[in-house]
2 protein chains.
Amino acid sequence: MAATIRDIKERTGLSLATISKYLNGGNVLPENREKIKEAIVELNYQVNEMARSLVTSQSKTIGVVVFDIANVFAGILLRHIGEKLRASGYAAMFCDSMNDPGLEKENIRFLLNKKVDGLLVIPVEETSDFLEPAFNENVPVVLMDRSIKDPRLACIKVDNHAASEEAIRILSDYGHRKIAIIGSTLIPTGRERFEGCIKVLRERRIEIPEEYVKLGQHSIEHGYRSMQELLALPEPPTAVFMGNFEIILGAVMAVNESSFEYPRDISLIGFDDLLISNLSNPRLWLAVQPMQEMAWKAADLLISNIRLIREGQDPVRSEIKLPVKIIPGSSIAHVSENK
Amino acid sequence: MAATIRDIKERTGLSLATISKYLNGGNVLPENREKIKEAIVELNYQVNEMARSLVTSQSKTIGVVVFDIANVFAGILLRHIGEKLRASGYAAMFCDSMNDPGLEKENIRFLLNKKVDGLLVIPVEETSDFLEPAFNENVPVVLMDRSIKDPRLACIKVDNHAASEEAIRILSDYGHRKIAIIGSTLIPTGRERFEGCIKVLRERRIEIPEEYVKLGQHSIEHGYRSMQELLALPEPPTAVFMGNFEIILGAVMAVNESSFEYPRDISLIGFDDLLISNLSNPRLWLAVQPMQEMAWKAADLLISNIRLIREGQDPVRSEIKLPVKIIPGSSIAHVSENK
DNA sequence: TTACAAAGGCGAAACGTTTCGCTCTGTTTA
DNA sequence: TAAACAGAGCGAAACGTTTCGCCTTTGTAA
């Protein structure tokens with residue numbers, strides 16, 4: 001049905017080798033170049049990527065495995081990944097791990113069978129066992145957002161620790177000493193953020209009572225409930241650090257429903273930009289992650305590692321931590337002495 | 001490097017044909033079956049899908065094109081699509097159209113070149129021109145959520161019109177006659193919902209002043225601003241219909257920040273479930289879409305059409321409208337006579 | 001014991017490219 | 001003027017499967 005390179009051969013009288021050379025950008029006499037061009041148009045010829053893949057053993061396809069595809073953070077990352085890969089001629093095959101390590105492992109196998117040239121992963125699992133098949137088949141892997149300790153892995157992430165240190169420092173500089181944290185230690189990024197907070201609180205000798213620490217899921221629900229509980233305390237905090245997008249959403253919802261007003265009664269600073277940055281009123285102080293940069297760097301690194309491996313060289317296994325920018329808002333108030 | 005079917009041949013003394021038969025579930029003597037199984041394990045053999053694709057001319061890959069991959073609605077649909085395709089041995093290649101018709105058109109071409117077996121599309125464009133290349137190459141297409149008038153297309157969507165009719169009827173049954181609508185006529189689903197509302201309002205002879213109609217983007221921002229404006233009117237509405245998830249998010253945010261309380265001062269009903277359903281307090285009345293059913297039906301239909309085409313039969317081009325369920329909440333109050 | 005059918009196995013061709021090593025032609029260099 | 005060389009083209013092999021038509025074996029019924 002579809003035209004092949006052989007049909008072009010018939011039509012132009014040239015050899016397969018020459019036509020292939022043309023298709024791959026090699027040197028061909030101007031005269032023949034024209035002939036081939038013409039034949040391609042007339043026959044509506046399209047390269048059969050399957051055949052090409054078979055012989056080059058490159059599928060020009062990247063497997064993308066995300067912890068939760070319905071998550072906004074993941075979605076935005078996916079957008080930028082797709083963009084970048086596409087520009088380099090790669091297609092993206094996605095698999096959703098649904099926060100399930102078992103499924104994640106299956107995803108890797110599935111994609112490896114589909115002969116992806118490389119893997120881009122935002123992992124659920126915290127050890128690298130599930131990536132063993134990829135290592136065995138010499139398929140390069142680049143992690144995003146969440147790193148795993150393994151010398152065979154490269155990772156592009158964000159400096160969560162430094163950013164949350166900075167956030168707490170800001171609250172403290174405004175005079176706050178009753179600081180609560182709503183976050184999660186269930187995932188690595190959450191832990192890093194939490195540890196950053198704690199470090200500065202220790203440094204500045206700010207006590208943090210147990211009831212000011214709200215650790216749970218990175219979910220709207222956790223943000224909402226935690227904020228409600230904090231506001232209901234006999235001695236509520238004067239400032240709250242909110243560990244991610246969903247938590248912010250829930251927590252701000254809770255504040256708005258309550259009799260508290262921010263920043264008058266409570267100061268807020270949060271992690272992740274995404275949608276709400278220019279919407280909430282008053283504007284929130286936010287630690288915003290360089291989503292596009294993270295995605296692009298990861299895609300670039302993966303593609304370059306694929307090339308390196310093909311050329312027999314060693315791939316680059318660096319862990320890169322991108323800086324997080326803190327954007328000022330109007331959600332933090334100075335604390336008067338007596339508070 | 002990697003083991004091939006030939007290595008298994010060497011090891012077992014069987015022919016390629018027999019081994020292939022085994023791999024594809026054909027009948028093989030128990031004795032040989034064991035031999036092959038053993039060899040596969042020892043050699044760590046994996047079928048090379050590229051070679052298989054070349055000869056069967058099936059890539060076992062579906063192209064999925066979404067209007068905006070960072071959109072929560074799209075994300076949830078993607079999750080269910082991936083799930084279903086996966087279970088049938090198909091991989092999903094995603095492309096993000098970023099709400100850009102030009103990019104959408106490119107996406108189709110790109111995926112067709114990658115030799116996908118079929119296309120699943122939530123379209124940006126409202127005419128089918130951009131799908132012409134798929135029709136030419138006889139690649140089946142199933143639309144989701146948003147239909148396009150073209151006899152060559154199948155579509156699985158939701159009965160937006162009926163659902164919003166129902167929603168307005170409920171508000172009206174509670175006695176409301178000052179009903180505002182925040183929605184969008186920029187996309188087909190938005191228009192269907194809007195028309196459903198209008199139909200019932202007409203039927204029941206409920207006047208709808210211009211300032212009660214807020215049409216814009218399906219965005220948090222539009223919901224937020226519109227609700228603010230509605231509440232600031234000299235004669236604000238007693239009830240508001242909110243056209244989608246993002247609008248609900250923004251609108252509820254605006255209500256919570258205001259001095260209004262729902263349902264006391266204003267009644268609310270919204271379209272789309274997604275995240276907030278069991279969170280907002282008081283609970284919202286919501287029209288929830290059967291996301292999983294929509295995704296699964298679409299994937300099933302596409303796969304079955306792929307089979308039909310391969311067998312030389314005509315694919316099924318139906319447009320299926322799934323019913324939307326309205327889930328009661330506590331966000332609607334009765335209106336007293338004098339209002 | 002023969003005949004026959006069914007089951008299982010086999011060799012070879014096919015799928016549509018890329019690539020290696022060779023040849024030919026014409027031009028530059030010493 | 002001969003030697004060296006670059007540019008362009010070619011034929012054939014290779015990539016790793018599936019599948020077609022044919023052959024062999026085995027078991028069963030007549």
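To find a chain, count down the sequence lines: A is the first, B the second, and so on, and within it residues start at 1.
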Inset, instruction - Give the rounded distance in Å between these two atoms: CD of B:E31 and C1' of C:dA7. - result: 15 Å
Legend entry - Sequence-aligned protein contact record of nucleotides 10-17 of chain C, with B where the base is within under 4.0 Å of a protein heavy atom and S where only the sugar-phosphate is: BB---BBB
Legend entry - Partners meeting side chain to side chain contact (heavy atoms under 4.5 Å, CB included) with B:P101 (sequence neighbours left out): B:V124, B:E125
Inset, instruction - Just jot down the salt bridge (charged side-chain N to carboxylate O under 4.0 Å, His left out) partners of B:E38, sequence neighbours excluded, or say none. - result: none
Inset, instruction - Using atom CE of A:M50 as one end and atom P of C:dT18 as the other, report the distance to the nearest whole Å. - result: 15 Å
Anything under 3.5 Å between a protein N or O and an N or O of nucleotides 22-24 of chain D, put it in a table, one pair a line.
none

I'd like a table of donor-acceptor pairs (distance under 3.5 Å, sequence neighbours excluded) in which one partner is a side-chain atom from residues 105-121 of chain A, with atom names and distances.
unit_1	atom_1	unit_2	atom_2	d
A:N107	OD1	B:R86	NH1	2.6
A:N107	OD1	B:R86	NH2	3.3
A:N107	ND2	A:D96	O	3.3
A:N107	ND2	A:S97	OG	3.4
A:N107	ND2	A:L103	O	3.4
A:R109	NH2	A:N113	OD1	3.3
A:R109	NH2	A:E137	OE2	3.1
A:K114	NZ	B:K60	O	3.0
A:K114	NZ	B:G89	O	3.2
A:D117	OD1	A:S59	N	2.9
A:D117	OD1	A:S59	OG	3.3
A:D117	OD2	A:S59	N	3.3
A:D117	OD2	A:K60	N	2.6

Legend entry - Protein-nucleotide distance (A:K60, atom NZ; C:dT18, atom P), rounded to Å: 13 Å
Inset, instruction - Taking side-chain hydrogen bond (donor to acceptor under 3.5 Å, both in side chains) as the test, write out the residues that go with A:E34, two or more places apart. - result: none
Legend entry - For B:D129, salt bridge (charged side-chain N to carboxylate O under 4.0 Å, His left out) partners two or more places apart: none
Legend entry - Distance, rounded to the nearest Å, where B:L29 contributes CG and D:dT26 contributes P: 9 Å
Inset, instruction - Write down the distance between OH (A:Y22) and P (C:dT18), rounded to a whole number of angstrom. - result: 13 Å
Inset, instruction - Can you sort out the partners of A:E31 under salt bridge (charged side-chain N to carboxylate O under 4.0 Å, His left out), two or more places apart, ordered by chain and number? - result: none
Legend entry - N/O (side chain, B:N27) to phosphate O (OP1/OP2, C:dG8) under 4.0 Å: yes
Inset, instruction - Using salt bridge (charged side-chain N to carboxylate O under 4.0 Å, His left out) as the criterion, list what pairs up with B:D100, not counting sequence neighbours. - result: none
Inset, instruction - Assess the side chains of A:Q58 and A:R310: does a donor N or O sit below 3.5 Å from an acceptor N or O? - result: yes
